[in-house]
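In what follows, every heavy atom counts, from backbone to side chain, and hydrogens, waters and symmetry copies are set aside. We name chains A, B, ... by the order of the sequence lines, and we start the count at 1 in each one.
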Amino acid sequence: MPELPDVEMTRRDLKRWLVGAIVTAADTGDARLSRPASPRAFARALLGRVFERVERRGKWLRLDLDHGGKVFSHLGMTGRWVRVAIGAPVVRFERARIDVVLRGRPFSVRYADARRFGRLLAVRKDIADWNALGPDLLAEGIDMGRFSEALKNGRRTVKEIVMDQRVFAGVGNILATEGLWIARIDPRSPGNALLLPADARTIARGLRSAIARELANRKQYADGRADSFFAYGRAGQPCPRCGTRLSKVVLGGRTTAFCSGCQVRRQ
DNA sequence: CGGCATGTTGCGCA
DNA sequence: TTGCGCAACATGCC
């Protein structure tokens, strides 16, 4: 599921389903997902409340309730929200349920998460994970000065820097791989080798373009990932731009595909 | 059966 | 003290 474009699509769903809806029942039995809050706190915070807003920053979602409470949701690796009829049976890997009434119509919204790497907690104020997030490439203008600084100060590779949620909220392994391919920059380049303002701009443009492509793709194939990636998951196959066999390397513990033919490596 | 997976975190070690 | 690499988390799927 989860990188910025998927989470954004989820935000739009939740906004459509929940804003203005009143909660008639809420339940989760999963202490792991609701940590450090308790499953009981989740039910208690939601019952009888009305959703006012659904916000997103990077891969985090925040649902604001009418009494000032907030529900934070992170999809982890396999989390997803679905809407079903009221009283519908438990969906596969269901971890939480929110029954609501919107404009007189009752229905149910379920959170499913096979691996349970996600988070789902109801709290009174913003959590540290949310506050620590850097700018969101879709929502906010990015501060090029700050990005250049992050690159300059980083001994890490440019891919690791770009995936740092404090630098760009929402960029994960797919977006970083695709964005750098579009920007024609070798993901192994150390950040402090990319000193030109033009480099930062090119990378930001590549990431934005990758996000736009993914969003368009999600809209078209509402379900699953019809992979139309340039580089992600395609090591060994020809580069769609220059035909060179795409290489594979592990950076920051994540598999990374790139083209040694047309992605420039800086030292 | 082995290997890999869109994410994050915490631990051991240099 | 800081930083880095990597295992761990829990499960599906090829």
Side-chain angles (χ1 to χ4, degrees), chain A residues 1-11 28-36 56-61 72-81 90-96 111-121 127-134 136-138 150 152-181 187-188 190-192 207 210-218 221-237 246 248-258:
Chain A
M1 251 277 140
E3 270 184 49
L4 190 154
D6 307 277
V7 183
E8 174 60 17
M9 296 307 274
T10 302
R11 184 190 71 80
T28 180
D30 204 310
R32 182 188 161 77
L33 290 172
S34 52
R35 81 199 119 85
R56 180 190 60 76
R57 273 171 76 178
K59 303 171 197 172
W60 276 98
L61 291 164
F72 283 92
S73 165
H74 191 294
L75 303 176
M77 205 84 122
T78 51
R80 64 198 176 93
W81 286 94
V90 184
V91 303
R92 193 154 137 91
F93 304 123
E94 180 175 314
R95 309 296 181 192
Y111 177 67
D113 188 343
R115 292 170 75 177
R116 296 161 69 223
F117 287 180
R119 304 281 299 279
L120 180 62
L121 62 158
I127 58 176
D129 303 82
W130 172 270
N131 290 326
L133 294 171
D136 183 294
L137 277 168
L138 192 62
K152 216 172 294 178
N153 296 334
R155 265 153 311 206
R156 296 177 297 172
T157 64
V158 62
K159 176 160 183 271
E160 290 170 283
I161 293 169
V162 144
M163 284 180 65
D164 184 336
Q165 299 303 295
R166 293 166 302 184
V167 176
F168 285 136
V171 176
N173 202 27
I174 294 180
L175 288 180
T177 299
E178 293 293 286
L180 289 170
W181 182 88
R188 298 169 298 174
N192 57 18
L207 290 169
I211 289 168
R213 269 175 57 86
E214 285 298 291
L215 275 176
N217 199 260
R218 290 292 176 289
Y221 309 94
D223 168 56
R225 64 184 46 219
D227 72 53
S228 62
F229 301 123
F230 292 124
Y232 177 81
R234 306 188 87 91
Q237 298 174 43
L246 294 172
K248 179 161 90 168
V249 67
V250 175
L251 297 174
R254 315 298 297 280
T255 300
T256 309
F258 68 99

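- Between A:Trp81 and A:Leu120 the shortest side-chain heavy-atom distance falls below 4.5 Å.
- A gap of 22 Å separates the P atoms of C:dC13 and B:dT8, to the nearest Å.
- Considering only residues two or more places apart in sequence or on other chains, A:Phe117 meets the ring pair (Phe, Tyr, Trp, His ring centres under 6.0 Å) condition with none of them.
- Applying the side-chain contact (heavy atoms from CB on, under 4.5 Å) test to A:Thr28 and every residue at least two apart in sequence or in another chain returns A:Asp30, A:Pro39, A:Phe42, A:Ala96.
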Identify all side-chain donor-acceptor contacts of residues 163-173 of chain A below 3.5 Å with residues at least two apart in sequence or on another chain.
unit_1, atom_1, unit_2, atom_2, d
A:Asp164, OD1, A:Arg166, N, 2.9
A:Asp164, OD1, A:Arg166, NE, 3.1
A:Asp164, OD2, A:Arg156, NH1, 3.3
A:Asp164, OD2, A:Arg156, NH2, 3.1
A:Asp164, OD2, A:Arg166, NH2, 2.9
A:Gln165, OE1, A:Gly170, N, 2.8
A:Gln165, NE2, A:Met163, O, 3.0
A:Gln165, NE2, A:Val171, O, 3.0
A:Asn173, OD1, A:Lys159, NZ, 2.6
A:Asn173, ND2, A:Thr255, O, 3.0

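- Of the P atoms belonging to B:dT9 and C:dG12, the separation is 23 Å, rounded to the nearest Å.
- A:Val90 pairs by the side-chain contact (heavy atoms from CB on, under 4.5 Å) definition with A:Glu94, not counting sequence neighbours.
- Applying the salt bridge (Lys or Arg N to Asp or Glu O under 4.0 Å) rule to A:Arg254 yields no partners; only residues at least two apart in sequence or on another chain are considered.
- Nearest heavy atom pair, residue A:Ala235 against residue A:Ala257, reads N-CB, 4.2 Å.
- A straight line from CG of A:Asn217 to P of B:dT6 spans 17 Å, rounded to a whole angstrom.
- Per the geometry, CZ belonging to A:Arg32 stands 11 Å off P belonging to B:dG10, to the nearest Å.
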Please write out each protein N/O paired with an N/O of nucleotides 3-5 of chain B under 3.5 Å, distance rounded to 0.1 Å.
unit_1, atom_1, unit_2, atom_2, d
B:dA5, OP1, A:Thr255, OG1, 3.0
B:dA5, OP2, A:Thr255, OG1, 3.3
B:dA5, O3', A:Tyr232, OH, 3.4
B:dA5, N3, A:Arg115, NH1, 3.1

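- Contact footprint of chain A on DNA chain C: nucleotides with an atom under 4.0 Å from a non-hydrogen protein atom, first to last in 5' to 3' order, C:dC9 to C:dC13.
- Using the six-membered ring where Trp is involved, A:Trp181 and A:Phe230 have ring planes that are parallel, under 30° apart on the 30 and 60° scheme.
- In this structure, the side chains of A:Thr177 and A:Phe229 stay at 4.5 Å or more apart for every pair of heavy atoms.
- Across the protein-nucleic acid pair, A:Leu33 atom CG and B:dT9 atom P stand 14 Å apart, rounded to whole Å.
- Using a 4.0 Å heavy-atom criterion, one finds that A:Gly172 contacts the sugar-phosphate atoms exclusively.
- When the salt bridge (Lys or Arg N to Asp or Glu O under 4.0 Å) test is applied to A:Arg213, no partner is found at least two apart in sequence or on another chain.
- Here the P atom of nucleotide B:dG7 and the CG atom of A:Asp164 are 13 Å apart, to the nearest Å.
- Sorted by first and then second residue, the salt bridge (charged side-chain N to carboxylate O under 4.0 Å, His left out) pairs with a member in residues 170-180 of chain A form an empty list; sequence neighbours excluded.
- Not one side-chain nitrogen or oxygen of A:His74 sits closer than 4.0 Å to the OP1 or OP2 atom of B:dG7.
- Listed pair A:Lys59 / B:dT6 fails the phosphate criterion, with no side-chain N or O lying under 4.0 Å from OP1 or OP2.
- Note: CZ (A:Phe229) to P (B:dT6) measures 10 Å, nearest angstrom.
- DNA chain B forms stems at B:2-5 with C:11-14, B:7-14 with C:2-9, each a run of 3 or more consecutive Watson-Crick or G-U wobble pairs whose two key distances fall under 3.5 Å.
- Counting to the nearest Å, the C1' atom of B:dG7 and the CD atom of A:Gln165 are 9 Å from each other.
- On the C1' atoms, C:dC4 is 24 Å away from B:dT6, given to the nearest whole Å.
- Rounded to whole Å, atom P of B:dT6 lies 19 Å from atom CZ of A:Arg80.
- Projected onto DNA chain C by closest heavy-atom contact, A:Gly252 and A:Arg92 fall at different nucleotides, the more 5' of which corresponds to A:Gly252.
- Here the side chain of A:Glu3 pairs a donor or acceptor atom with the backbone of A:Ile174 at under 3.5 angstrom.
- Taking atom CD of A:Glu3 as the reference point, atom C1' of B:dG7 lies 9 Å away to the nearest angstrom.
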